[in-house]
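Report on the structure given below.
In this text, all values refer to a predicted model and were calculated from it rather than measured experimentally.
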Amino acid sequence: MNPIIIAILYGLSGFLMKLSDDEHDKNNNKIISSLLGIFVGLICGFLASHDINATYIFLGILIAAFSSLKIDGIHHIVALITFTTTYLFFGLIDLNIFILAICVISAFIDEIGNDNEYIYKRNRFFKVFFDYRFAMKIAIFSLSVLGLVNRLYGFEISFIGFLAPETIVYFLLFELSYETARNISKI
């Protein structure tokens, strides 16, 4: 798939994901949040079925949100169903279980720490770390660096695997768009 389209879809998914959450959590608008959830599910499902790097990221986020009981609104359920349907429709991608596990674990750490007042009270570092979900950013960055090393030097640890180096750029676009939506909703 074209890298520009991938970048746009990552950004759009992050932006719409946060808008959907805010419509549900702050405005109690289940209809708008669910409609946005449909678009999030479509975009993430399409990306995940066409780009293996997106598969790891979005399945990691989905599994972590589900296992940490953070799927707590109709908009999440609609997005989950839409994602799953879209992903299955376009076809499954063969996955490296180790990379998926790293993405799931890092996203799970972020989910447990995010909006957790007990952790936020410990110190400012933890508040910033979990508010901005740095565990998954560090994991994606590390796996992307391994991908870059492999691309440059042909170095590969077969059971670990790696992500394409450009994945960190796509993921940061997702995150920046998510934060942009967060800032817009504060207005």
Side-chain angles (χ1 to χ4, degrees), residues 1 3 6-7 9-18 20-21 37 40-72 76-77 79-88 90-116 119 126 128-151 155-179:
M1 187 184 319
I6 293 173
L9 292 175
Y10 265 93
L12 193 56
S13 66
F15 189 80
L16 295 176
M17 190 177 292
K18 183 58 180 166
S20 176
D21 278 345
V40 170
L42 286 170
I43 293 167
C44 294
F46 181 79
L47 272 171
S49 61
H50 287 81
D51 178 59
I52 192 160
N53 304 293
T55 308
Y56 292 120
I57 290 169
F58 293 122
L59 277 178
I61 292 169
L62 177 74
I63 294 167
F66 188 79
S67 60
S68 64
L69 306 176
K70 294 277 184 121
I71 296 180
D72 57 1
H76 289 148
I77 295 166
L80 169 70
I81 292 168
T82 306
F83 172 87
T84 305
T85 304
T86 305
Y87 184 63
L88 293 174
F90 284 109
L92 302 174
I93 294 179
D94 190 27
L95 299 173
N96 176 315
I97 196 70
F98 189 79
I99 296 173
L100 182 60
I102 290 172
C103 290
V104 169
I105 292 166
S106 63
F108 184 78
I109 291 168
D110 285 338
E111 289 293 345
I112 294 300
N114 185 260
D115 292 331
N116 185 325
I119 291 174
F126 286 127
V128 170
F129 186 87
F130 288 113
D131 198 37
Y132 291 99
R133 302 170 188 255
F134 272 101
M136 191 167 198
K137 287 177 184 69
I138 292 168
I140 300 301
F141 176 78
S142 300
L143 290 169
S144 294
V145 168
L146 285 174
L148 179 62
V149 169
N150 179 60
R151 191 174 285 173
F155 172 77
E156 181 177 348
I157 303 171
S158 60
F159 75 93
I160 294 176
F162 52 86
L163 296 175
E166 59 273 11
T167 305
I168 189 63
V169 174
Y170 297 144
F171 187 65
L172 289 176
L173 284 171
F174 170 86
E175 291 290 327
L176 287 171
S177 298
Y178 185 94
E179 292 305 321

Closest heavy-atom pair, M17 versus C44, reported as atoms and distance to 0.1 Å, is CE-SG, 4.2 Å
Practice problem: Find out whether L95 and I52 are in side-chain contact, i.e. whether some heavy atom of one side chain is under 4.5 Å from a heavy atom of the other. | Solution: yes
Check: How about E166 and P3: do any of their side-chain heavy atoms sit closer than 4.5 Å?
Finding: no
Heavy-atom nearest pair, N96 first then Y56, reads N-OH, 2.7 Å
**OP:** Answer whether the closest heavy-atom distance between the side chains of M136 and I57 falls below 4.5 Å.
**Re:** yes
In short, L173 meets A7 closest at the heavy-atom pair CD1-CB, 3.5 Å
d(S20 OG, F15 CZ) to nearest 0.5 Å is 12.0 Å
dist F134:CZ -> D110:CG (nearest 0.5 Å) comes out at 9.5 Å
Separation between CG (L100) and OG1 (T55), nearest 0.5 Å, reads 9.5 Å
Of all heavy-atom pairs linking S68 and E111, the shortest is OG-CB, 3.4 Å
Interatomic distance, CG@L88 vs OG@S49, rounded to 0.5 Å, equals 9.5 Å
All heavy atoms of G113 vs all of I119, minimum pair found to be CA-CD1, 3.8 Å
Nearest heavy-atom contact between I112 and N116 is O-ND2, 3.2 Å
Any sub-3.5 Å donor-acceptor pair from N53's side-chain atoms to T167's backbone N or O? no
| Taking C-beta and beyond as the side chain, do F46 and L42 meet within less than 4.5 Å on heavy atoms? | no
Notebook entry, point to check: Where the side chain of Y170 meets the backbone of A54, is there a donor-acceptor pair that is under 3.5 Å apart?
Noted result: no
OG of S144 to CG of L148, rounded to nearest 0.5 Å, is 9.0 Å
- I would like to know whether D115 and F130 meet side chain to side chain contact (heavy atoms under 4.5 Å, CB included); could you show each step before the answer? CA-CA 8 Å; D115 292 331; F130 288 113; over 6 Å; no
Do E179 and Y132 have side chains that get closer than 4.5 Å, going by heavy atoms? yes
So do Y87 and L59 actually touch side chain to side chain, heavy atoms under 4.5 Å?
yes
Checklist line | L47 backbone acceptor or donor facing D51 side chain under 3.5 Å | finding: no
Check: Can you tell me if S13 uses its side chain to pair, donor with acceptor, with the backbone of Y10 under 3.5 Å?
Finding: yes
| Sub-4.5 Å side-chain heavy-atom contact between I43 and F58 | no
Discussion item. If you define the side chain from C-beta out and look only at heavy atoms, does anything of D21 sit under 4.5 Å from H76?
Written reply: yes
Value for CD1 (I168) from CZ (F171), rounded to nearest 0.5 Å, stands at 7.0 Å
